[in-house]
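Structure first, then comments.
This structure is a prediction, so every number in the text was calculated from the model and none was measured. Indexing begins at 1, ligand by ligand and atom by atom, following the structure's order. Scope of the values below: all heavy atoms of this structure, side chains included, with no hydrogens, waters or symmetry mates.
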Amino acid sequence: MGAFPQSIHFIGTNTPRRVEMSVRNLEVEGEIPAEIEGAFFRAVPDNAHVPMFGDDIALNADGMVARFNFRAGAVDYDIKYVETERYLAEKEARRALFGKYRNPFTDDPSVEGKDRTLANTTPVWHGGRLFMTKEDGRGYEINPHTLETAGKWDYYGALKSETFTAHPRIDDETGEMFFFGYEAGGLCSLDVAYGIADKDGNLTSEQWFDQPYCSTIHDFCITEKYAIFPIFPTTADLERIKDGGAHWAHEQDRESWVGIMPRYGKVDEMRWFKGPKGVSAFHFVNAYDDGDLVHMDVCLSDTNAFSFMREAGGIEREQQDIRGALTRWTFDMSKPGDSFESRDMGPPGDLPRLPDHAQGRNYRRAWYLSMNPEGGPPMPGGPVGANFNAIVRIEPGNGRITMMGVPPGAGVSEPVYVPSSDPEQGGWLMSVVDQPNGPDPANYLSELWIIPADDVEKGPVAKVKLNMPLRSQVHGTWVNRAKLEDSKLKG
Ligand code: V55
Ligand code: FE
């Protein structure tokens with residue numbers, strides 16, 4: 001088996017844990033609000049084997065699906081590998097057979113042509129089903145009660161795209177899911193598939209268009225009228241990949257683009273707006289219509305946040321020297337031309353969270369992860385290799401910003417939002433907080449904090465204790481008890 005490398009993708013909260021387990025009745029400090037009933041699903045990349053080549057990146061680790069299950073004031077925890085084709089082939093061989101991140105030319109010949117996706121990025125709930133997704137392949141359906149893998153999801157054979165985003169958007173009013181897949185027609189293709197699934201989980205539309213260049217489209221937005229596709233200059237190149245190189249390289253001197261089309265329209269109605277050069281973003285808070293205006297709020301930075309994507313593009317910039325802001329881009333759909341307005345709204349950060357009902361609509365508040373300048377540097381870890389140490393709450397209407405920091409050295413992961421039946425209360429955030437436990441960076445304790453969503457500065461009302469370290473998650477999703485009981489797959 002050998003040993004894991006000690007690079008930023010395997011230390012701190014990225015230390016491989018690799019344990020499938022179930023823990024009943026976790027210890028709780030404080031009190032869990034009685035109305036919290038449901039499951040917090042998390043996507044956790046965690047290597048089942050040492051990488052084929054010396055080093056690797058966290059994005060290339062096997063997907064695990066984890067669940068904090070809240071029932072009658074008690075919390076159970078479970079975590080299990082997603083049994084992708086790739087995971088099962090390597091499990092059988094007892095070693096890595098798939099090589100570098102999104103580079104099939106580096107694989108062991110025995111797995112040629114096999115599906116490479118790891119399903120390690122976002123748990124998605126739609127139409128009574130749970131999926132684990134990653135943007136390089138189709139989603140895998142998971143039984144939400146047992147966490148067993150049910151198989152690859154293709155909408156009963158209807159889906160043509162070879163890929164499915166880890167960031168679909170669900171309109172809470174119509175129940176429809178809007179999604180896309182890029183490199184939809186194969187490695188480095190310009191094809192983007194734009195799809196809609198109805199509230200019951202049936203594919204009702206799939207259209208393909210070409211993006212301006214082969215970029216990583218990690219997230220997109222919907223409003224009540226539009227679908228919005230951002231194109232940032234982190235690009236794939238087939239020759240580089242065939243040479244065994246990186247899938248992605250950031251191009252600092254290349255322009256960005258935003259494609260906007262009516263969300264129920266035809267892809268040839270797409271209008272392309274030209275954006276600044278060299279910028280990058282992985283996640284959008286939200287977008288909404290305001291008369292003829294479209295506002296889109298993006299966690300923007302002046303270069304790519306992933307060091308390996310910068311390095312492949314020859315960009316020398318330390319993580320702490322990256323600049324950015326929560327930024328509002330406003331498009332006037334009544335005017336011709338390809339320009340738009342931009343303004344800063346909040347401190348730099350990423351991993352935003354929005355209440356489900358506010359998707360695509362004017363919103364009162366949202367949350368995202370940021371750095372508390374007074375908090376001291378957090379432990380290394382997380383998808384980028386650098387953790388965040390604060391949750392920021394922003395009211396876009398008036399610019400009010402509040403914050404919850406975590407103890408020195410601790411890291412905080414993306415929260416989920418849990419609505420409250422009491423409109424005065426404002427709901428809850430749940431977030432895993434990893435706190436150092438001595439000088440060894442692999443040694444820390446993970447807790448799930450429950451925080452009043454509209455009073456984040458007050459800190460947690462309850463801490464659910466694992467009494468052990470958990471590997472960093474990427475994204476998570478909250479599914480309430482009624483939805484779980486209404487699931488298509490039963491326990
Ligand atoms: C991201 C995560 C991925 C990936 C591409 O967080 C982008 C961004 C966990 O996998 O493959
Ligand atoms: Fe993401």
Side-chain angles (χ1 to χ4, degrees), residues 8-10 13-14 16 41-47 51 56-66 81-82 84 86-87 98-104 115-124 131-140 162-169 179-183 187 214-221 230-232 234-236 241 246-250 280-286 298-301 304-310 312 319 322 324 349-354 368-369 381-388 413-416 471-477:
I8 56 160
H9 295 278
F10 295 91
T13 63
N14 284 338
F41 293 99
R42 310 168 72 214
V44 180
D46 200 347
N47 311 68
D56 205 351
I57 59 172
L59 309 189
N60 204 30
D62 299 277
M64 297 190 86
V65 54
Y81 275 107
V82 183
T84 59
R86 171 167 170 169
Y87 172 82
F98 293 80
K100 293 183 186 169
Y101 177 67
R102 299 187 66 174
N103 190 330
D115 187 12
R116 303 185 89 251
T117 196
L118 293 152
N120 68 1
T121 311
T122 312
V124 171
F131 307 102
M132 283 286 284
T133 59
K134 185 180 184 71
E135 63 197 47
D136 68 347
R138 290 175 175 170
Y140 271 79
E162 293 177 20
T163 62
F164 186 96
T165 178
H167 291 285
R169 297 267 173 179
F179 68 88
F180 64 94
Y182 71 89
E183 299 190 34
L187 192 66
C214 188
S215 79
T216 165
I217 313 179
H218 184 66
D219 189 3
F220 87 138
C221 281
I231 311 294
F232 298 111
T234 302
T235 59
I241 294 170
H247 192 105
W248 298 121
H250 192 64
S280 172
F282 282 86
H283 304 108
F284 298 82
V285 179
N286 198 10
V298 48
C299 298
L300 193 70
S301 53
N304 194 301
F306 286 90
S307 57
F308 68 92
M309 299 189 198
R310 295 195 299 278
Q319 205 68 26
I322 298 175
D350 199 7
L351 301 170
R353 183 55 63 177
L354 181 77
Y368 62 99
L369 301 186
V384 173
N387 275 303
F388 291 102
S413 49
E414 182 189 78
V416 284
R471 186 158 171 170
S472 280
Q473 74 173 63
V474 186
H475 298 293
T477 194

Closest N/O/S atom of His475 to the Fe ion (ligand 2), by atom name?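 Nearest N/O/S atom of His475: NE2.
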I'd like the atom name of the N/O/S atom in His167 lying closest to the Fe ion (ligand 2).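 The His167 atom nearest to the Fe ion (ligand 2), restricting to N, O or S, is NE2.
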Could you tell me, atom by atom, which parts of ligand 1 come under 4.0 Å of a heavy atom of Asn120?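 Near Asn120, meaning under 4.0 Å from one of its heavy atoms, ligand 1 has 9 (C), 10 (O).
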Nearest non-hydrogen protein atom to atom 1 (C) of ligand 1, with distance, is His218 CE1, 3.4 Å
Looking at atom 2 (C) of ligand 1, what's its closest protein heavy atom, distance included?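 In this structure, atom 2 (C) of ligand 1 has Leu59 CD2, 3.6 Å as its nearest protein heavy atom.
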Checking the N or O distance criterion of under 3.5 Å, is ligand 1 in contact with [X]?
X: Lys134; value: yes
X: Tyr101; value: yes
X: His283; value: no

Name of the residue among Thr84, Asn120, Thr117 meeting side chain to side chain donor-acceptor pair (under 3.5 Å) with Lys134: Asn120
Under 3.5 Å side-chain donor-acceptor pair for Asn47 and Arg471: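 Yes, because at least one side-chain N or O of Asn47 sits under 3.5 Å from a partner of the opposite role on Arg471.
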Go through the side-chain N and O atoms of Thr13 and Asn387 and say whether any donor and acceptor fall under 3.5 Å apart. yes
Pairwise distance CG(Asp219) to CZ(Phe282) - rounded to 0.5 angstrom: 10.5 Å
Are Glu414 and His283 close enough, and set up right, to give a side chain to side chain donor-acceptor pair (under 3.5 Å), and what steps lead you there? CA-CA 12 Å; Glu414 182 189 78; His283 304 108; 5.8 Å; no
Does Arg86 come within less than 4.0 Å of Asp62, counting only side-chain N to carboxylate O?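 Not counted as a salt bridge, because no side-chain N and carboxylate O are separated by less than 4.0 Å.
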